[in-house]
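None of the values given here were measured: they were computed from a predicted structure. Naming convention: chains lettered A, B, ... in sequence-line order (proteins, then strands); numbering from 1 in each chain.
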2 protein chains.
Amino acid sequence: MDLVEMNYADFTKMILTLKTDIYHQTVQENRNIIHVNKEQTIIKNLEKIFDATLEISNEKGFQAMSMRDLAKGAGLSSGGLYAYFPGKMDLLTMLQKHGRKMVQEILFKLVKDAPDHVSKLRIALKTHLYLSEFMQPWFYFSYMEAKNLSEPERHNAIESELTTEKLFAAIVSQGQDAGLFEPRDPQLTAAIIKAILQDWYLKRWKFSRRNISVDQYANFIVEFVEAFLDVHGTETIRLKN
Amino acid sequence: MDLVEMNYADFTKMILTLKTDIYHQTVQENRNIIHVNKEQTIIKNLEKIFDATLEISNEKGFQAMSMRDLAKGAGLSSGGLYAYFPGKMDLLTMLQKHGRKMVQEILFKLVKDAPDHVSKLRIALKTHLYLSEFMQPWFYFSYMEAKNLSEPERHNAIESELTTEKLFAAIVSQGQDAGLFEPRDPQLTAAIIKAILQDWYLKRWKFSRRNISVDQYANFIVEFVEAFLDVHGTETIRLKN
DNA sequence: TTTTTACTAACGATCGTTCGTTATATTGAT
DNA sequence: ATCAATATAACGAACGATCGTTAGTAAAAA
């Protein structure tokens with residue numbers, strides 16, 4: 001699989017196994033607070049609970065979501081939910097951690113073994129955008145409900161945000177050292193990249209209203225960033241879609 | 001006052017009278033639902049109520065803010081609040097409308113009589129950024145609590161968002177017709193501009209941590225956008241700060 | 001004294017959470 | 001393979017707390 005030329009369909013196929021891997025990790029990490037024994041059962045219900053939480057919260061907010069709403073959405077009773085987490089706040093923390101792990105794991109795994117800096121930049125841009133499409137409800141949720149987190153968890157969320165920004169800054173910086181990119185400020189460039197990537201999942205209604213697909217937006221971002229950095233030798237790598 | 005060269009200090013001086021004007025408008029529009037007679041009293045308390053709402057909501061969310069919290073923050077009793085709005089939802093609607101009016105009024109007023117398209121672009125960028133600094137709590141609030149609005153009010157919020165985007169798209173388009181800007185897609189350019197502007201008030205912690213002032217960010221945005229559009233004749237207009 | 005503004009106590013509704021009970025699944029002896 | 005016995009999972013009524021809101025009363029202004 002050539003990651004540089006991947007489109008969204010390729011991406012989804014690629015990460016399906018990774019997704020269940022990370023669910024196993026999440027279960028393992030919360031083994032002590034979950035009062036259900038069979039892992040199969042936990043994963044099945046945890047996924048239902050997470051999905052329902054995202055759906056309801058993204059419509060009316062996490063605070064406004066009652067445990068009765070959630071129970072109905074997840075197909076459990078309100079009392080039964082409490083076998084999977086100690087309280088509502090803990091559910092929020094679990095869901096945020098789970099999503100962050102998924103993002104970091106996949107993003108760094110795909111970027112790691114890119115052959116050169118131009119590929120690395122392009123793969124990082126596409127992977128981040130495709131992740132935010134695949135996990136759009138989580139990205140939106142993570143952003144809107146950050147204020148409800150406890151202080152240490154909010155700190156983790158901020159650090160995670162800065163970590164991905166640093167990834168982009170590092171790629172830009174290394175490409176500049178190799179003489180491939182123009183000497184723009186790496187940190188500000190990374191900040192702009194993040195802002196544009198964020199637009200995709202925060203203003204989704206705008207893009208769907210204008211019939212812009214995720215593959216179109218991916219190509220637009222790649223072209224925009226490469227033009228901004230005046231990437232040399234782009235004629236050797238051709239965009240697909 | 002030369003708007004093209006204004007900095008944030010100039011801006012705040014300029015709009016102080018406009019701010020009270022708009023408070024009078026807001027009072028007038030809600031005259032029928034407010035059970036207090038003296039306009040002086042209304043404005044004094046309404047400002048306290050709005051400010052407290054923004055402060056508490058931006059920390060814990062509008063839903064999580066109880067009317068008892070708000071009463072304490074605004075220096076009134078919980079029952080006394082209800083002389084100024086019929087219910088919690090109406091307070092949200094009032095506050096959103098009030099802020100939108102302020103943004104639209106000031107933005108279009110300052111942009112209107114710019115002498116040329118390059119000035120128009122620069123004034124629009126700076127005004128929008130300075131507004132989002134001056135009214136940062138409202139901007140953040142407006143964005144985070146949009147989901148709590150009623151359907152017609154959410155529609156108004158979206159339209160307002162698109163209106164400012166259209167303003168930027170129109171400036172870009174007109175500048176291109178005059179042969180001043182490169183032929184980039186006006187709508188996508190406007191979308192990027194909005195995304196970068198939004199970063200300022202949504203990720204404020206990032207910029208304050210990095211000691212970036214609003215004037216520095218203004219200059220950065222202006223330079224970035226003008227480089228992107230390859231603005232000609234920028235040597236005739238010089239940045240101040 | 002009259003009018004205007006603000007306060008306090010109280011109401012019904014709904015919240016997160018608990019707990020005694022029921023239903024379901026697994027086990028082990030026949 | 002069958003069926004009690006046991007262990008596991010899910011249920012749902014109930015609790016105290018807190019929510020938005022109201023109404024009768026007190027304070028302040030005119």
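- Considering only heavy atoms from C-beta on, A:K60 stays 4.5 Å or farther from B:K147 through its side chain.
- Here C:dT5 presents its P atom at 15 Å from CG of B:L81, a figure rounded to the nearest Å.
- Straight-line distance from the NE2 atom of A:H35 to the P atom of C:dT18: 10 Å, rounded to whole Å.
- In this structure, CD of A:Q40 is placed 11 Å from P of C:dT26, rounded to the nearest angstrom.
- Ion pairing of A:E165 with B:R209 is absent here, as no side-chain N (NZ or NE/NH1/NH2) approaches a carboxylate O to less than 4.0 Å.
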- A correct 5'-to-3' footprint of nucleotides 25-30 of chain D, with B, S and - meaning base, sugar-phosphate only and no protein heavy atom under 4.0 Å, is -----S
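- B:K97 has no carboxylate O lying under 4.0 Å from a charged side-chain N of B:E29, or vice versa, which leaves the two without a salt bridge.
- Relative to the side chain of B:T41, the nucleotides D:dA10, C:dA6, C:dT4 differ in distance, and C:dA6 lies closest.
- Contacts of B:N45 with the nucleic acid, taken as non-hydrogen atoms under 4.0 Å apart, involve only primed sugar atoms and P, OP1 or OP2.
- Across the protein-nucleic acid pair, B:I34 atom CD1 and C:dT5 atom P stand 11 Å apart, rounded to whole Å.
- Between B:Y130 and B:Y8, the distance from one ring center to the other falls under 6.0 angstrom.
- Side-chain contact of A:D90 with A:T93: a donor-acceptor pair under 3.5 Å is absent, judged by distance alone.
- Residue A:Y84 places no side-chain N or O under 4.0 Å from the OP1 or OP2 atom of D:dA9.
- For A:K126 and A:E133, the salt-bridge test fails: no basic side-chain N is under 4.0 Å from an acidic carboxylate O.
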Between N or O atoms, less than 3.5 Å apart, protein on one side and nucleotides 12-17 of chain C on the other: list the pairs.
unit_1, atom_1, unit_2, atom_2, d
C:dG16, OP1, A:M65, O, 3.2
C:dG16, OP1, A:K88, NZ, 2.7
C:dG16, OP2, A:M67, N, 2.8
C:dG16, N7, A:R68, NH1, 3.0
C:dG16, O6, A:R68, NH2, 2.8
C:dT17, OP2, A:Y82, OH, 2.8
C:dT17, OP2, A:K88, N, 2.9
C:dT17, O5', A:Y82, OH, 3.4

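- Computed from coordinates, the A:D90 CG to C:dT18 P distance equals 11 Å when rounded to whole Å.
- Taking only side-chain nitrogens and oxygens, B:N37 never comes nearer than 4.0 Å to OP1 or OP2 of C:dT3.
- Side-chain atoms of A:E145 and A:N148 include a donor-acceptor pair closer than 3.5 Å.
- In this structure, a donor-acceptor pair under 3.5 Å is present between the side chains of B:Q25 and B:E105.
- Screening B:T127, B:I123, B:T163 for a side chain to side chain contact (heavy atoms under 4.5 Å, CB included) involving B:L107 leaves a single residue, B:T127.
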